[in-house]
Amino acid sequence: MLLKVPDVLTPDELQQARHLLATAPWTDGRASAGSQAALVKNNAQLPHACDAARALRPMVLAALDRQLAFFSACLPKRVLAPQFNRYGGGSNHYGNHVDSAIRYQPDNGQKVRTDLSCTLFLSEPQSYDGGELVIQDTPEPQRFKLPAGHLLLYPADRVHQVTPVTRGERLACFFWVESMVRSGAQRQLLFDMDTALLQLRAEHGENAATVALTGTYHNLLRMWADT
């Protein structure tokens, strides 16, 4: 599933995020990469414990709670603590890599299976050149450079990269989700069904058919979900 979620952050939240990141203590992004990814990673990253990261994480998590499409698509069981990166200048790209299957919450060491990867764009696309998120897909790679405040959700098992930023800087928030429904195919079916149900209810109101279909959705979720 590749899903764009628009307007996750409000303009005021974006302004606050950029203000905090402008004076943040950026460090070498390779410190958080595995041995293979570190060979192709060349960006800057915000330390988990710095003041800016502590202020921004709850803002992002609260914004996700407002997004019904995000919940419907992810069916989140755990969300790894959001992190923040910067591409520009001499630290401006991240070559082809695959995200680690298991990561650890930095505050308590809890294991999180990375079913879904998320990139929340914080810079307007016209403010920098390059910096596309390129995801290997069939039949050809998909390229993304979304407006500030928009989020891209994609399977964590895909090879992907961020192309070199040749002008300006690209700020983003990134994190991973462990879903209650492990199978991507099952998640896609549930998301499609939920989306269609919302449309039917909006167009025709509640009736015996929508109630029955809602019951089927929840029975499938009950069958497939692990809480």
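Throughout, residue positions are numbered sequentially from 1 according to the sequence presented. Worth knowing before you read on, the calculation uses all heavy atoms, side chains too, and leaves out hydrogens, waters and symmetry mates. Because the structure is a prediction, the values reported are computed rather than measured.
Other residues, nucleotides and ligands contribute over 12 non-hydrogen atoms within 6.0 Å of the CG atom of N96. Residue L68 places its CG atom among 12 or fewer non-hydrogen atoms of other residues, nucleotides or ligands, all under 6.0 Å distant. Surrounding CD of Q36 are at most 12 heavy atoms belonging to other residues, nucleotides or ligands under 6.0 Å away. The 12-atom threshold is exceeded at CD of Q136, counting heavy atoms of other residues, nucleotides or ligands nearer than 6.0 Å.
Checked against salt bridge (charged side-chain N to carboxylate O under 4.0 Å, His left out), D137 has the following partners two or more places apart in sequence or in another chain: R158. H97 is linked by a ring-ring contact (aromatic ring centres under 6.0 Å, His included) to Y94, H160, counting only residues two or more places apart in sequence or in another chain.
Side-chain N or O atoms of T163 include none that pairs as donor or acceptor with a backbone N or O of G130 at under 3.5 Å. With hydrogens and angles ignored, the 3.5 Å screen pairs no side-chain donor or acceptor of S100 with any backbone N or O of R103. K41 contributes a side-chain N or O that, together with a main-chain N or O of G29, makes up a donor-acceptor pair within less than 3.5 Å. Put simply, the side chain of W26 never gets that close to the backbone of N43: no donor and acceptor are under 3.5 Å apart.
A salt bridge links R113 with E178: the closest approach of a Lys/Arg side-chain nitrogen to an acidic carboxylate oxygen falls below 4.0 angstrom.
Connection of V165 to F121 is established within a shared hydrophobic cluster, with ILVMFWY side chains joined at heavy-atom distances below 4.5 Å, either directly or through further cluster members.
Atoms CZ and CG, from R187 and D194 in turn, are 14.5 Å apart once rounded to the nearest 0.5 Å. In this structure, the separation between CD on Q83 and CD on Q45 is 5.0 Å, given to the nearest 0.5 Å. We find the CG-OH distance between L133 and Y154 to be 5.0 Å, quoted to the nearest 0.5 Å.
Side chains of D12 and Q16: no donor on one and acceptor on the other come within 3.5 Å. Residues D115 and S179 have side chains that never bring a donor and an acceptor to within less than 3.5 angstrom of each other. Side-chain polar atoms of S117 and D99 form a donor-acceptor pair below 3.5 angstrom.
Here the closest non-hydrogen pair linking R66 and L9 is NH2-CA, 4.4 Å. V60 approaches P82 most closely through the heavy-atom pair CG1-CG, 4.1 Å. Smallest separation of non-hydrogen atoms from A38 and R30: O-CD, 3.5 Å.
Residue pairs meeting the salt bridge (charged side-chain N to carboxylate O under 4.0 Å, His left out) criterion with at least one member in residues 196-225, sequence neighbours excluded: R201-E206.
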